[in-house]
Number of protein chains: 2
Amino acid sequence: MPMAAHSPATTPNSGTSNLPLVRLELIDVGGRFAQSAGFPRSVGEIYGLLYLSAKPLSAPEIGEALSISKGSVSTGTRQLLALGFIRKVWVQSERKDHFEAVLELGDMLSSAYDRIFKVRAQNAERRLDAVQDSLELSRKEMTPEEHALIQERLERLAKIQKRAKQFLPLIERLIR
Amino acid sequence: MPMAAHSPATTPNSGTSNLPLVRLELIDVGGRFAQSAGFPRSVGEIYGLLYLSAKPLSAPEIGEALSISKGSVSTGTRQLLALGFIRKVWVQSERKDHFEAVLELGDMLSSAYDRIFKVRAQNAERRLDAVQDSLELSRKEMTPEEHALIQERLERLAKIQKRAKQFLPLIERLIR
DNA sequence: TTGTTTGTTCAATATATTTTGAACAAAATA
DNA sequence: TATTTTGTTCAAAATATATTGAACAAACAA
């Protein structure tokens, strides 16, 4: 369903931006994708805008097209730059920074995968180790039966984690 | 770092629950995992509580152990039941429903994968089709050059999606 | 140097999500 | 039947997250 950025589905885009429908829709797609990946909607909208832009856009242009503030543009572009989804480009006789989308989305997604999911997997592993350590610390508060039960169940978790660790590199290879 | 459910890291667990440290920690792990997967924290905490429980727990027991309300327990257990992460069990001479964790987490995660990620992939595919349709609708508002550029970029997206579609079943097989 | 433009930060505001708990419904008991 | 127990719903409150915009800083121009 066609939808202008930030506007309810039924209302047409409010005035200034004047982008063709297809671009407004991809802005919305980007926003939704960002949300489902745990990023602010505006970050995805910025990428969606730049992805279908014929030329690099300045921060004020982005803000005007999406009706978002200077601050949000600054924060959003910083995040996208850090993830490698956009780059700064120099535009002749312009002092403002300009941004363009990195089009190699496949590569970008795999690098985002690296940064996000690998770190998460590592954290999860460390965390589970800590839980297993604290099982021994809690030993005195428990009956031997309870201790054995918890130990067995934590070992199940460790096995799942091991399995996950093994197939993650395979996914990486497939994504690249 | 050890942490009682819902309490700041430095404060000990407030009174009634009296669970050993290791169980409090797994509750926290469950809560964080749920959050990273887009579920309410309390849903993960309920699973974490049940996962290390020697016996099935009633709704009031869950609420008391986690210091959450009747309503949250009801909502949380319903979600976990729908996902297949817990099951109801009948406990002799008890009228209350009792809940226990499904321990086959690997299986559960793959079925949750099915339900969530497959639907997302399908939605994304439909959505991109719609965007491509609207490119044709917007044709008159654009120069031929702009049209060609957008068409090319949308085709790139379609390719990425196709690739993603291909490797998703492989991941599934690995997870199972 | 001063004045202007551009970009960032962050406290305040707005928005979205989760949790609560009172009101209700459903089921079991007496 | 009436009474108690158990479970659900959903509007309101609490919490978490995103956005704004004024104040600040940094870069450049004159």
Side-chain angles (χ1 to χ4, degrees), chain A residues 5-9 14 16 27-28 30-49 56-82 86-99, chain B residues 5-9 11 14 27-28 30-49 56-82 86-99:
Chain A
H6 285 310
S7 304
S14 52
T16 54
I27 289 164
D28 187 54
R32 287 175 196 284
F33 182 79
Q35 276 198 313
S36 80
F39 292 94
R41 166 177 287 236
S42 62
V43 167
E45 290 180 341
I46 293 170
Y47 185 80
L49 175 70
L57 300 179
S58 69
E61 285 171 326
I62 293 169
E64 203 203 352
L66 302 177
S67 308
I68 61 179
S69 70
K70 254 159 74 82
S72 290
V73 174
S74 178
T75 306
T77 51
R78 177 151 32 83
Q79 291 191 67
L80 287 167
L81 286 166
I86 65 173
R87 62 173 82 89
K88 279 186 183 175
V89 293
W90 180 78
V91 172
Q92 201 173 26
S93 76
E94 279 275 7
R95 273 181 55 193
K96 294 182 182 73
D97 284 347
H98 282 62
F99 302 94
Chain B
H6 287 309
S7 304
T11 328
S14 52
I27 288 164
D28 188 53
R32 287 174 196 284
F33 182 79
Q35 276 200 313
S36 81
F39 290 94
R41 167 176 287 237
S42 63
V43 166
E45 290 180 341
I46 293 170
Y47 185 80
L49 174 70
L57 300 179
S58 69
E61 285 171 326
I62 293 169
E64 202 201 353
L66 301 177
S67 308
I68 61 179
S69 70
K70 252 159 75 85
S72 290
V73 175
S74 177
T75 305
T77 51
R78 179 151 31 86
Q79 291 191 69
L80 287 166
L81 286 167
I86 66 174
R87 63 173 80 90
K88 279 185 183 175
V89 293
W90 181 79
V91 172
Q92 201 175 27
S93 76
E94 279 274 7
R95 276 182 51 193
K96 296 183 182 70
D97 284 346
H98 282 63
F99 301 94

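Labels below follow one simple rule: chain letters A, B, ... track the order of the sequence lines, proteins then strands, and each chain is numbered from 1.
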Open item on the list: Donor-acceptor check, side chain of B:Ser74 to backbone of B:Lys70, threshold 3.5 angstrom: yes or no?
Closed with: no
B:Gln79 atom CD is separated from C:dT19 atom C1', nearest whole Å, by 12 Å
Picking from C:dG7, C:dT20, D:dT20, the nucleotide nearest the side-chain atoms of B:Ser72 would be C:dT20
- Task: Go through A:Arg41 and A:Ile27 one step at a time and tell me if the side chain to side chain contact (heavy atoms under 4.5 Å, CB included) criterion holds.
- Result: CA-CA 10 Å; A:Arg41 166 177 287 236; A:Ile27 289 164; over 6 Å; no
message = If we ignore hydrogens and angles and just use 3.5 Å, is the side chain of B:Ser36 paired with the main-chain N or O of B:Phe33 as donor and acceptor?
response = yes
The reported gap from NE2 in A:His98 to CZ in A:Arg87 (rounded to nearest 0.5 angstrom) is 15.5 Å
CD1 of B:Ile86 to CZ of B:Arg78, rounded to nearest 0.5 Å, is 11.5 Å
To the nearest angstrom, the CD-P distance between B:Glu61 and D:dT5 comes to 17 Å
Atom CD of B:Glu94 and atom C1' of D:dT6 are separated, to the nearest Å, by 12 Å
Rounded to whole Å, the CD1-P distance (A:Ile68 to C:dG7) equals 15 Å
One would report the end-axis bend of the helix from C:dT1-D:dA30 to C:dA30-D:dT1, five pairs per end and rounded to 10 degrees, as 0°
Testing D:dT8, C:dT19, C:dT9 for proximity to the side chain of B:Ser74, the answer is D:dT8
Testing C:dT6, C:dA23, C:dT20 for proximity to the side chain of B:Ser69, the answer is C:dT20
Before giving the answer on side chain to side chain contact (heavy atoms under 4.5 Å, CB included), spell out for B:Lys88 and B:Phe99 the whole-Å C-alpha distance, their side-chain angles and the decisive distance to 0.1 Å. CA-CA 5 Å; B:Lys88 279 185 183 175; B:Phe99 301 94; 3.7 Å; yes
Measuring only between side-chain heavy atoms, which start at C-beta, is B:Pro60 closer than 4.5 Å to B:Lys96? yes
On DNA chain C, more 5' by nearest nucleotide between A:Lys88 and A:Gln35 is A:Lys88
Regarding the side chain of A:Arg78, the nearest nucleotide among C:dT6, C:dT9, D:dG7 is C:dT9
Taking C:dA23, D:dA18, C:dT9 as options, the one with an atom nearest any side-chain atom of A:Pro40 is D:dA18
Rounded to the nearest 0.5 Å, the CD1 atom of A:Ile62 sits from the CD atom of A:Glu64 at a distance of 12.0 Å
Whole-Å distance, A:Ile46 CD1 to D:dA18 C1', equals 12 Å
A:Phe99 atom CZ is separated from C:dT6 atom P, nearest whole Å, by 13 Å
Review point. According to a strict under-4.0 Å criterion, is A:Lys96 in side-chain N/O contact with OP1 or OP2 of C:dT6?
Key: yes
A:Lys70 atom NZ is separated from D:dT20 atom C1', nearest whole Å, by 12 Å
Pairwise N/O distances under 3.5 Å, protein to nucleotides 24-30 of chain C:
none

Exercise for review: Please examine the side chains of A:Ile68 and A:Ile46, heavy atoms only from C-beta on, and report whether any two atoms are closer than 4.5 Å.
Suggested key: yes
Taken to the nearest whole Å, CG/B:Leu81 to C1'/D:dT8 is 13 Å
query = Hey, is the side chain of B:Ser42 poking within less than 4.0 Å of OP1 or OP2 on C:dT19, counting only N and O atoms?
reply = yes
Rounding to 0.5 Å, atoms OG (B:Ser42) and CG (B:Leu49) come to a distance of 12.0 Å
